There are 2 protein chains.
Amino acid sequence: MTSSAAPITTYEDSCAAVGDGRAVREVLDRVGDKWTLLVVATLRNGRLRFSELQRHIPGISQRMLTLTVRQLERDGLVSRTVHAEVPPRVEYELTELGGTLLQLSIALGDWAIANQPRIEQARQVYDAAAAAKAG
Amino acid sequence: MTSSAAPITTYEDSCAAVGDGRAVREVLDRVGDKWTLLVVATLRNGRLRFSELQRHIPGISQRMLTLTVRQLERDGLVSRTVHAEVPPRVEYELTELGGTLLQLSIALGDWAIANQPRIEQARQVYDAAAAAKAG
DNA sequence: CGGCATCCCGACAGATACTG
DNA sequence: CAGTATCTGTCGGGATGCCG
């Protein structure tokens, strides 16, 4: 059963899931690193080759892109296609499973966009209070 | 506006959001660390005191719990209440904003639960292929 | 009880150089 | 073009000990 194919879980199931901790731990260890979700998001519109991927993700090094796509491939979230040409061409594309992760990435992006102002404001309030307390 | 209260964004908006990269980067830097989402998930049923929180999250050190709740408090995701008693009692509770993050945590947990088997299988396939290629 | 300060180490990320 | 190899620095995070 996939999360996209069915309603998945009841609220209680969800609580059980996060309550365990291991599930969240697992997925965080997997996609919580610095680049994974960005690579997934970058592949949202279809296949891209290595250099295109790197151009679309500012700041990522060749090494980290290699490691990230390698892990994504291993986990079955991204497919890797090597074309026997000169110069060589390698293309990456989200699998169906990777597409479900993309949904999460989008949800995360939405949340960030929607709530960043409030968080920023909360920080300023907190820091101001801390400064007042210290000073 | 929260991500749970309204559809928020069109698909295109979502793509723009993740496409930027900074939004995902921001939220990942914030909640992508080792413990944040676990703490949020643990507070799903209401307020807990420090020691209770620590008991419910296997493996977390006192130091990391302190740092995590401090940051959550600073970001306005968790409220911290100090009771003037002996022995001292400090309670933590999700704010309304923190509640919206809980929804994401649940979604992440759901995804993990639903897809862990497939990922595990993909890994075994990949590793087997790699081993065959090497050996 | 709750939390801060200090020390320390392993993991991971960046830069650079080399290869098929 | 698409990697791999190595070296190096940074930093998250654990252990320990002390304070309100």
Side-chain angles (χ1 to χ4, degrees), chain A residues 21 24-26 28-39 42-43 47-75 78-93 126-127 129-131 133-134, chain B residues 21 24-39 42-43 47-75 78-93 126 129-131 133-134:
Chain A
V24 176
R25 176 76 296 124
E26 272 288 316
L28 278 184
D29 288 344
R30 181 157 12 245
V31 306
D33 66 58
K34 203 172 177 182
W35 303 109
T36 294
L37 282 188
L38 279 183
V39 171
T42 305
L43 287 172
R47 68 178 54 146
L48 288 176
R49 49 196 302 184
F50 189 87
S51 54
E52 291 172 329
L53 216 35
Q54 189 170 16
R55 262 198 306 279
H56 281 78
I57 307 176
I60 194 170
S61 65
Q62 195 177 42
R63 168 190 153 86
M64 289 318 297
L65 181 54
T66 298
L67 292 178
T68 303
V69 293
R70 206 57 86 229
Q71 190 189 333
L72 284 170
E73 185 195 2
R74 186 166 102 101
D75 290 346
V78 156
S79 66
R80 179 174 180 268
T81 309
V82 181
H83 299 266
E85 305 173 358
V86 176
R89 184 164 53 112
V90 180
E91 289 182 321
Y92 296 91
E93 187 174 18
Y126 182 93
D127 291 347
K133 188 176 164 187
Chain B
V24 175
R25 180 68 303 121
E26 273 287 316
V27 69
L28 278 183
D29 287 344
R30 181 156 11 245
V31 307
D33 65 60
K34 203 171 176 183
W35 303 110
T36 293
L37 282 188
L38 279 183
V39 170
T42 306
L43 287 172
R47 68 178 55 147
L48 288 176
R49 51 196 300 184
F50 189 87
S51 52
E52 291 172 329
L53 217 35
Q54 189 171 15
R55 261 197 307 278
H56 281 78
I57 307 177
I60 194 170
S61 65
Q62 194 177 42
R63 169 189 154 86
M64 290 317 298
L65 182 54
T66 298
L67 292 178
T68 304
V69 294
R70 204 57 85 230
Q71 191 188 334
L72 284 170
E73 185 195 1
R74 187 167 102 99
D75 290 346
V78 156
S79 66
R80 180 174 180 267
T81 310
V82 181
H83 299 266
E85 305 173 356
V86 177
R89 184 165 51 113
V90 180
E91 289 182 322
Y92 296 90
E93 188 174 17
Y126 181 94
K133 188 176 165 187

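Residue numbers start from 1 in every chain, and the chains themselves are labelled A, B, ... in the order their sequence lines are given, proteins ahead of strands. Source: prediction; values computed, not measured.
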Requested in this report: For the residue pair B/Arg80 and B/Val78, establish whether any side-chain heavy-atom pair is separated by less than 4.5 Å.
Outcome: no

Query - Side chain to side chain, B/Phe50 and B/Arg55, heavy atoms closer than 4.5 Å - result: no

Query - Inter-residue atom distance A/Gln71.CD - B/Tyr126.OH, 0.5 Å rounding - result: 10.5 Å

**Report entry** Heavy-atom side-chain proximity of A/Arg63 to A/Thr66 below 4.5 angstrom
**Finding:** no

Query raised in the report: For A/Arg80 and D/dG3, is the shortest distance between a side-chain N/O and OP1 or OP2 below 4.0 Å?
Result: yes

Report summary line: Note: A/Leu72 and A/Val39 closest approach over all heavy atoms is CD1-CG1, 3.7 Å

Requested in this report: Answer yes or no: is there a side-chain heavy-atom contact under 4.5 Å between A/Met64 and A/Leu67?
Outcome: yes

Requested in this report: Kindly indicate whether the side chain of B/Thr81, heavy atoms from C-beta on, has any atom under 4.5 Å from the side chain of B/Arg47.
Outcome: no

Report task. Could you tell me whether the side chain of B/Thr36 reaches within less than 4.5 Å of the side chain of B/Arg30, counting heavy atoms only? Result -> no

Query raised in the report: Taking any atom under 4.0 angstrom from a heavy atom of chain B, which nucleotides of DNA chain C are the first and last to qualify, 5' to 3'?
Result: C/dC1 to C/dT6

Query - Rounded distance [0.5 Å steps], CZ in B/Arg25 versus CG in A/Leu37 - result: 9.0 Å

Query raised in the report: Can you find a heavy atom in the side chain of A/Val31 that is under 4.5 Å from one in the side chain of B/Leu28?
Result: no

Report summary line: The contact string for nucleotides 8-14 of chain D, one letter per nucleotide 5' to 3', using protein heavy atoms under 4.0 Å with B, S and - for base, sugar-phosphate only and none, comes out as -----BB

Query raised in the report: Which ones in residues 82-92 of chain B lie close to DNA chain D, meaning a heavy atom under 4.0 Å from one of its atoms?
Result: B/Pro88

Report task. Look at A/Thr66 and D/dA2 and indicate whether a side-chain polar atom (N or O) is within less than 4.0 Å of OP1 or OP2. Result -> no

Query - Spacing between A/Glu73 atom CD and D/dG3 atom C1', to the nearest angstrom - result: 13 Å

